[in-house]
Each structure stands twice: as C-alpha cells, then as structure tokens.
Amino acid sequence: QVQLVESGGGLVQPGGSLRLSCVASGFMIDSYAIGWFRQAPGKEREGVSCIGRTYGNTNSAGSVKGRFTVTRDKDKNTVYLHMSSLKPEDTGVYYCARGSFLAPYCDFRRDKYNSWGQGTQVTVSS
C-alpha cells in the first residue's frame, strides 16, 4: 500500500532550523512528484515546497523561498524539507503528498496529489 509518514516536527524558536522527513512506502519517491504543504488552524492548506519527478526540479512558495529546501534520498526512500530562519507564521501542520503518476511536475495545486501523510506539527515560538 502507498503510505507517507512525516516526522521531525516540534517546537522551535524563531530563527531556528528544523528538518522534516517524509518516508514513503509502496512506491519509489523518485518516480513521483512530492509536495510539502502546511495548514494553520482556520486556514487553507497551502503548498510550500515541492520536487518534481522527471528532473528533480524543486520550487518553493514565495513566503518560504530562500528559507526552505526540499531534497530526496533515494536509498532511504525519503524526502526532506529543510527549514531555516523559521518565523512564527511558519507554524502549522506540515504534510507531504505524492503526486499523480500523470502529474510528475513540481506543483503547489492540491488536486495534483493523490496520497497524503498524516502530518507533523511545527510550532515556531519563543
């Protein structure tokens, strides 16, 4: 079965760094686009970073650009979200998602992803 499990969330001070992991099972991560999304209470889930399948191209939303980086480790079948210079507005539940086989490109649109993890909480506060 297809499964995505996020981990690495927690409490971090503003300006700090955190690395989230998304361990995939049931498929190879380099065969699909993988997106990272986050959701704060009362707000829509928004895409923050993604990595495409074909060339491994990455992209990040303007709010996190220059601070967040997505990488993948094929040997561990894991995708990472590296976060630095964290701000309180980065607080939320972070999810990783697998793109459709027919949608292999880095994309922030939720309808392009068909499998989701359960999320991991990230809280940025002093």
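Every value quoted in this text rests on a predicted model; they were computed, and no experiment measured them.
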Inset, instruction - Measure from NZ or CZ of R110 to the centre of the six-membered ring of W116 and say whether it is under 6.0 Å with the direction within 45° of the ring axis. - result: no
Legend entry - Connected via hydrophobic side-chain network under 4.5 Å: F68 and V122: yes
Legend entry - Closest approach of P14 to S126 (non-hydrogen atoms, all atoms of both residues): CD-N, 3.6 Å
Inset, instruction - Calculate, to the nearest 0.5 Å, the distance between atoms CD and CH2 belonging to E46 and W36 respectively. - result: 14.5 Å
Inset, instruction - Answer yes or no: does atom CD of Q121 have more than 12 heavy-atom neighbours from other residues, nucleotides or ligands under 6.0 Å? - result: yes
Legend entry - Connected via hydrophobic side-chain network under 4.5 Å: Y113 and L81: no
Legend entry - Which atom of K87 lies closest to which atom of R67, heavy atoms considered: CE-NE, 3.9 Å
Legend entry - Approximate separation, where rounding is to 0.5 Å, of E6 CD and L20 CG: 8.5 Å
Inset, instruction - Measure the spacing between CG of D30 and CG of N77 and express it to the nearest 0.5 Å. - result: 7.5 Å
Legend entry - Salt bridge D107-R109, side-chain N to carboxylate O under 4.0 Å: yes
Legend entry - Closest heavy-atom pair and its distance - T71, H82: OG1-NE2, 2.8 Å
Inset, instruction - Would you kindly confirm whether F27 and V70 end up in one hydrophobic cluster when ILVMFWY residues are joined by side chain heavy atoms under 4.5 Å apart? - result: yes
Output side-chain donor-acceptor pairs under 3.5 Å for residues 58-66, partner residues at least two apart or in another chain, one line each.
from: N59; atom 1: OD1; to: K65; atom 2: NZ; distance (Å): 3.3
from: S60; atom 1: OG; to: S49; atom 2: OG; distance (Å): 2.9

Inset, instruction - Any chance you could lay out the side chain to side chain contact (heavy atoms under 4.5 Å, CB included) test for S7 and T120, step after step, and finish with the verdict? - result: CA-CA 6 Å; S7 64; T120 184; 5.5 Å; no
Inset, instruction - Tell me whether Y80 is reachable from V12 by hopping between hydrophobic residues (I, L, V, M, F, W, Y) whose side-chain heavy atoms are closer than 4.5 Å. - result: no
Inset, instruction - Would you indicate whether the side-chain heavy atoms of P104 and T54 approach each other to under 4.5 Å? - result: yes
Legend entry - Nearest-0.5 Å distance that lies between atom CZ in R72 and atom CD1 in I29: 6.0 Å
Inset, instruction - Answer yes or no: is there a donor N or O on one side and an acceptor on the other, between the side chain of T78 and the main chain of K76, under 3.5 Å? - result: yes
Legend entry - F37 CZ to C50 SG distance, which is reported to the nearest 0.5 Å: 7.5 Å
Inset, instruction - Quick one: pull up CZ in R98 and OG in S31 and give me the separation to the nearest 0.5 Å. - result: 9.5 Å
Legend entry - ring-ring contact (aromatic ring centres under 6.0 Å, His included) contacts in which one or both residues fall within residues 85-110, not counting sequence neighbours: Y32-F101
Inset, instruction - Indicate yes or no for a side-chain donor-acceptor contact from T91 to the backbone of T123 under 3.5 Å, with no hydrogens or angles considered. - result: no
Inset, instruction - Flag the pair C106 / I51 as yes when at least one side-chain heavy-atom distance between them is below 4.5 Å, and no otherwise. - result: no
Inset, instruction - Say whether L11 and V93 are linked into one hydrophobic cluster, either directly or through other cluster members, by side-chain heavy-atom distances under 4.5 angstrom. - result: no
